[in-house]
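One structure coming up, written as structure tokens, with questions to follow.
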Amino acid sequence: MTTQVDDHAAIELMGLTKQFSRSTAVKDLSLRVDRGSTFGLIGPNGAGKTTTMKMLMGILRPTTGAVTVLGTNVFAEPLVVKQRVGYVPESHHIDRWMRVGEAVGFCRSLYESWNDQTCQQMLDRFELDPNKKVKQLSKGMLVKLSLVLAVSHEPEVLLLDEPMAGLDPLAREEFLDGVLRTICERGQTVIFSTHSLDDVQRLADTVGILYDGRLLVHRNIEELLVMTKRIRATLTGGHPPDCLPENIIWQRVQGREWLVAVGDFTVEKVQQIRAQEGVDRVEVIDLGLEDLFKDFIRERKAVS
Amino acid sequence: MARSERVSSQSTDSDHGGGATVSALLGRPDRSLVVKTFATGILQAAGVFAGAAFYSLGLSQVTVTLLGGNAFAGERADRSAEFIACLPLPRTRRLSSKLILAISATALIWGINLLVLWILVNLSPELRSKFNSPDMPLMLSYVAITGLVFYGVSWLISSFQSSPTFAVVGGLLTPLLVIMGLNGLNAAAWATDMDVRSVDRFVGIGYAIICPILAIVGFSIGTWYYLTRIEP
């Protein structure tokens, strides 16, 4: 059963929910990632990033909802999807008794589109010795081997699930460099989850913020940064105005200072605030991705 | 063997006139005694080997259980299942490799041991009378049936467990539970009317029927569950 959903969509999640015995990890998640784009999924620990990635890879069945990758239903035709997708998981469980060369040979035998040249280039770039046993590799080297195995069959979609967690800055840099080369050389669709907002800002075209299994925002990263501002106002009475601007992401009153983060920022919104009674001075502050992320999560935490 | 070498060196020494002292110490060798001693040694060794081959058939059940119990749970325990799950490797192929391994190991162990038994039994009339009893095929059948239930049940538990230990122990306990169940049933229903031989026959027949069924059902459900499961 092949579900042709959208020719331009690399990935489509429709109403995805994953319930474990005592908790719901992902709640009604709908998402569309275009072909050739790079999507960064960020969220605090336990937000549901890894669960989402596993469902995308077809190794975890959702309770409800559908997942299509490159127009193919992941659970109806898992082998077809796995031929076209590369996956670097959070923890690497390549058989430890294997040598690097044997792991490469094993994977090579399973992929129709395996490219020996690409594989060799990456092994050389990462200085991975084919005769070394997997159990002898450091964490950084293991992540690199995982990336080699994930990209050597030249997948159309590359899924990276917090692959850089626990890596030293140098290994991280080399890994990112490898990913960037892959993106630039082949125009692959990359979906990656991470805690590092710097990496997202560096790699991603679009960003999604996941919290408590729900997607709070999914937007082009530059657009999001331009359209989301923090406004700092001084309140004469110590109370925020009655008429608040639309699309408030987060706000806080501390003494006479009122901080409010607003989405879909316009000059009119500032003027609206300035015109309110009891507002003395108004200042607009640009937000970095980290501040923006914090504001989204703080508000959600306050609500819950 | 040592004695025969000793005798042989003695005769050579005598031929050359240098073994007089040895001859004086040991006396003239009795060739028939040497042959008899040698033959007895061979027969004793054959008896030991035949016994070992027979017990090895019994112990092969442990190997079979370990293979069944580790089939799926083993790769979940060391988490290599997660690595394999991300690869385009059909589950039917993975399943076939596990089956081929179990069948090959069992065939190898049984093949070698049965061959050893057959050769030794044919060499020695004493062993022939011991191992060619009418009960022997029945005994071997029970060993085989026990192996089947060990494998089938441990395979089933392994298909949904992450602990090979649970799967192996589950497999090993099943025949015991079957025997206990049959004895319990017997005790509850017919204890007053049946003699010891009838009870044995009842348990034996029940075991021979229930265990293969359990093995087949366990293996089938385990296979079906593994093939339809999405998670590693």
Side-chain angles (χ1 to χ4, degrees), chain A residues 18 20 50-51 53-63 67 72-98 103-114 134-135 142 145-146 149-150 152-153 155 157-161, chain B residues 63 66-102 104-105 108 154-168 170 220-232:
Chain A
K18 178 64 194 177
F20 292 106
T50 297
T51 306
M53 284 293 197
K54 283 185 174 174
M55 287 192 282
L56 267 173
M57 193 58 204
I59 56 173
L60 191 63
R61 196 192 287 275
T63 310
V67 185
T72 306
N73 185 319
V74 167
F75 299 100
E77 293 182 76
L79 296 179
V80 174
V81 171
K82 283 169 190 171
Q83 282 287 349
R84 302 169 73 186
V85 174
Y87 179 56
V88 181
E90 187 181 3
S91 347
H92 310 273
H93 303 294
I94 303 164
D95 285 297
R96 290 170 59 79
W97 54 267
M98 279 187 180
V104 167
F106 177 61
C107 293
R108 183 181 183 275
S109 68
L110 300 172
Y111 288 105
E112 292 157 9
S113 56
W114 188 269
V134 171
K135 66 180 173 192
L142 196 58
L145 174 62
S146 211
L149 299 180
S152 292
H153 64 286
V157 174
L158 183 60
L159 302 175
L160 308 171
D161 183 15
Chain B
T63 311
L66 285 171
L67 287 171
N70 277 282
F72 314 112
E75 60 182 31
R76 281 191 206 115
D78 69 10
R79 300 188 74 181
S80 58
E82 290 175 37
F83 168 59
I84 298 169
C86 301
L87 300 171
L89 180 60
R91 288 216 169 197
T92 43
R93 255 173 82 182
R94 288 157 65 180
L95 196 111
S96 315
S97 69
K98 293 168 200 303
L99 265 180
I100 289 168
L101 178 70
S104 311
L108 189 73
S154 56
W155 173 275
L156 168 69
I157 300 173
S158 182
S159 69
F160 56 82
Q161 267 281 333
S162 315
S163 162
T165 313
F166 274 123
V168 170
S220 307
I221 295 175
T223 303
W224 169 81
Y225 183 74
Y226 180 70
L227 290 177
T228 52
R229 183 184 159 111
I230 291 284
E231 287 77 11

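Naming: A, B, ... by sequence-line order, numbering from 1 per chain. Just so you know, these numbers come straight off a predicted model, no measurement behind them.
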Mind checking what makes salt bridge (Lys or Arg N to Asp or Glu O under 4.0 Å) contact with A/Arg61, not counting sequence neighbours?
none
Indicate yes or no: at least one non-hydrogen side-chain atom of A/Leu56 is less than 4.5 angstrom from one of A/Val67.
yes
Determine the option with the most heavy-atom pairs under 4.5 angstrom with chain A, choosing from B/Pro88, B/Cys86, B/Pro90.
B/Pro88
Cationic tip of B/Arg229 within the cone over B/Phe160's six-membered ring, i.e. under 6.0 Å and within 45° of the normal?
no
So, the part of A/Leu149 with a heavy atom under 4.5 Å from chain B: the answer is side chain
Among B/Tyr225, B/Tyr226, B/Phe166, which one satisfies ring-ring contact (aromatic ring centres under 6.0 Å, His included) with B/Phe72?
B/Tyr226
Based on non-hydrogen pairs under 4.5 Å, which of A/Val80, A/Leu60, A/Ile59 is most in contact with chain B?
A/Ile59
I'd like to verify something: which residue of A/Val81, A/Asp95, A/Ile94, A/Val85 has the highest number of heavy-atom pairs under 4.5 Å with chain B?
A/Ile94
